[in-house]
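Working notes, beginning with the structure itself.
Quick note: numbers below take in every heavy atom, side chains included, and nothing from hydrogens, waters or symmetry partners. Naming: A, B, ... by sequence-line order, numbering from 1 per chain.
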2 protein chains.
Amino acid sequence: MARRPERGTADTASRILDISERLVQSRGFNGFSYADVASELGITKASLHYHFAGKAELGEALINRYATRFAQALRAIDERGVDAQARLEAYAGIYADVLRDGRMCLCGMLAADYETLPEPMRDAVLRFFDENEAWLIGVLEQGEDEGALHLHGSANEVAQAILSGLEGALLIARPFGDVVRFQAAANRLMASLGARRDERLTAR
Amino acid sequence: MARRPERGTADTASRILDISERLVQSRGFNGFSYADVASELGITKASLHYHFAGKAELGEALINRYATRFAQALRAIDERGVDAQARLEAYAGIYADVLRDGRMCLCGMLAADYETLPEPMRDAVLRFFDENEAWLIGVLEQGEDEGALHLHGSANEVAQAILSGLEGALLIARPFGDVVRFQAAANRLMASLGARRDERLTAR
DNA sequence: GTCTATAACGAGATAGAC
DNA sequence: GTCTATCTCGTTATAGAC
C-alpha cells in the first residue's frame with residue numbers, strides 16, 4: 001500500500017489519472033498515448049505500467065473515478081434541499097463547467113469511441129449513463145409531485161432527452177469554443193420541460 | 001481523368017471514400033487506418049496514396065462529400081413542398097437512418113475528434129454545422145410565418161438546440177444499440193418547439 | 001517505484017518497378 | 001493504377017537492474 005500523500009500533493013496514480021482524464025476528454029481514447037502522460041508527468045512510460053497494467057485498465061480506472069465523482073456531485077445537489085428546477089439547473093451547470101475547461105464529458109467522448117473500447121470500458125460507460133438517467137428520473141418525478149414541473153412525456157423519456165441534449169450541446173459547442181452556444185441549448189432544454197422558470201439559466 | 005465507372009460499380013476513389021466513411025462514423029478518425037481500408041478494398045496501402053495523398057486529404061474529401069450529399073438531402077426535402085413540421089421530421093429522419101446503420105453522424109464523430117484534426121478538416125466540420133443551422137433557421141422561420149410553429153426562443157437558438165439535440169441523441173443511443181431511445185429523444189425535441197403534431201414521430 | 005533497454009507491432013508515407 | 005519493398009516513427013508492453 002502506498003502511504004497517504006502529503007497535503008496539497010497527489011500520489012502518482014492520481015496524477016496519472018488527472019493527466020489521462022484531461023487528455024481523453026479533449027482528444028479521445030485513441031488520441032492520447034502513454035508517452036503523452038509520461039512526458040507530462042516527468043516519468044518514463046515503463047513506470048506507468050507499474051500503476052496501471054495497460055491502457056484498458058487505465059481506461060477503466062478513469063471511468064470509475066469519474067462516475068464516483070459525478071455521483072458525489074449529484075448527492076451534493078440533493079443535499080442542498082432545493083427544488084427540482086434548481087436541481088436540473090445545477091445538473092446542467094456541471095456540464096457547463098466541463099465545457100469551460102475545454103473538455104467533453106468523459107463518457108460522452110467514450111461514447112464516440114465506443115466501438116473501439118475493450119468490453120469492461122464499454123460496460124462502465126453504459127452504467128454511467130444509466131446512473132445519470134436514474135438520478136434525473138428521480139428529480140423529474142419529485143418535480144411533478146410538487147407541481148413544480150409539468151412534463152410533456154414520461155420521466156424516463158424526459159431524462160433521456162436531457163442527458164443526450166446536454167451531451168450533444170457539449171459535443172457541438174466545444175469545437176466552436178462557444179460556451180454561450182451551450183448555455184442557449186441548455187436553456188431551451190430546461191424550458192422544454194414545461195417548467196416555470198424558463199428564463200433563469202444565463203451564460204456566466 | 002478516370003473514365004466513367006460502369007453502372008452499379010464505383011471507381012476506386014469512391015470505394016475508398018465509402019469504406020473510410022463507414023470506418024470513421026463507427027470508430028472515429030483516430031480509430032481507423034489505411035491498412036483497414038486497403039484490406040477491405042483488396043488493394044495495398046501504397047495504392048491508397050495514389051488516390052489520396054495522406055490521411056488529412058482523405059479526411060477532407062470525406063467531409064466534403066458528406067456535406068454535399070447532406071445538402072442534397074435537404075434540397076430534396078425542400079422540393080417536397082411540405083410544411084415546416086414535416087420538414088423537421090424528415091430532417092430527424094436522416095439522423096435516424098444513420099443510427100440504424102450503426103453509425104454516428106460523420107461530423108458529430110469528427111466534433112469529438114476535433115482537437116486532433118488538421119486545420120482544413122476542422123474548418124470543414126464547422127462549416128457543416130453552420131450550413132445545417134442555416135437550413136434549420138429557414139425552416140423554423142417559415143413555420144413561424146405560416147403559424148405552424150410557435151417557437152419559444154429565437155429561430156437561431158432553436159436551430160442550435162435541434163442540431164445539438166439530434167447529435168447528442170445519436171451519440172448516446174448508439175452505444176445502447178437503441179433506435180427507440182433516439183426516436184424518443186427526437187420526438188421530445190420536436191415537441192418542445194411548441195409544434196402542433198407532437199405525437200407524429202414514431203419508431204419504424 | 002522508477003529506471004534503461006528492447007521487443008514487437010502498426011502507423012503513415014515514399015521510391016521505383018510494372 | 002497498382003504493386004513490392006522499405007523507411008521512419010510512434011505505440012503498447014515486458015525484462016530486469018537499481
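- The pair Asp18(B)-Arg15(B) does not meet the salt-bridge criterion, since no charged nitrogen lies less than 4.0 angstrom from a carboxylate oxygen.
- Panel note: side chain Asp83(B), backbone Ala86(B); a donor-acceptor pair is recorded below 3.5 Å.
- Ring orientation note: the planes of Phe70(A) and Phe128(A) are nearly perpendicular, at an angle over 60° on the 30°/60° scale.
- Atom-to-atom, CG of Asp11(B) to P of dG1(D) comes out at 8 Å; the value is rounded to the nearest Å.
- Using a 4.0 Å cutoff on non-hydrogen atoms, the parts of residues 47-60 of chain B near DNA chain D are Ser47(B), Tyr50(B), His51(B), ordered by number.
- Here Thr12(B) reaches the OP1 or OP2 of dT2(D): one of its side-chain N or O atoms lies under 4.0 Å away.
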Per-nucleotide protein contact string for nucleotides 5-10 of chain D (B base, S sugar-phosphate only, - none; heavy atom under 4.0 Å): ------
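- At a threshold of 4.0 Å, the pair Asp97(A)-Arg100(A) counts as salt-bridged, since one of the basic side-chain nitrogens sits closer than that to a carboxylate oxygen.
- Both cation-pi conditions hold for Arg181(A) and Phe176(A): the charged atom is under 6.0 angstrom from the six-membered ring centre and inside a 45 degree cone around its axis.
- Classification of Arg122(B) and Glu115(B) as a salt-bridged pair fails, no side-chain N sitting under 4.0 Å from a carboxylate O.
- Rounded to whole Å, the distance from CG on Leu23(A) to C1' on dT11(D) is 15 Å.
- Rounded to whole Å, the distance from CD1 on Ile43(A) to P on dA13(D) is 15 Å.
- When rounded to the nearest whole Å, the span between CZ of Arg15(A) and P of dG1(C) equals 12 Å.
- Rounded to an integer number of Å, the gap from Tyr34(B) OH to dC3(D) P is 15 Å.
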Side chain to side chain donor-acceptor pair (under 3.5 Å) between Asp11(A) and Ser14(A), intermediate numbers included: CA-CA 5 Å; Asp11(A) 60 26; Ser14(A) 294; 2.8 Å; yes
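- Arg174(A) and Met109(A) make their closest contact through NH2-CE, 3.7 Å (heavy atoms, listed as atom of the first residue, atom of the second, distance).
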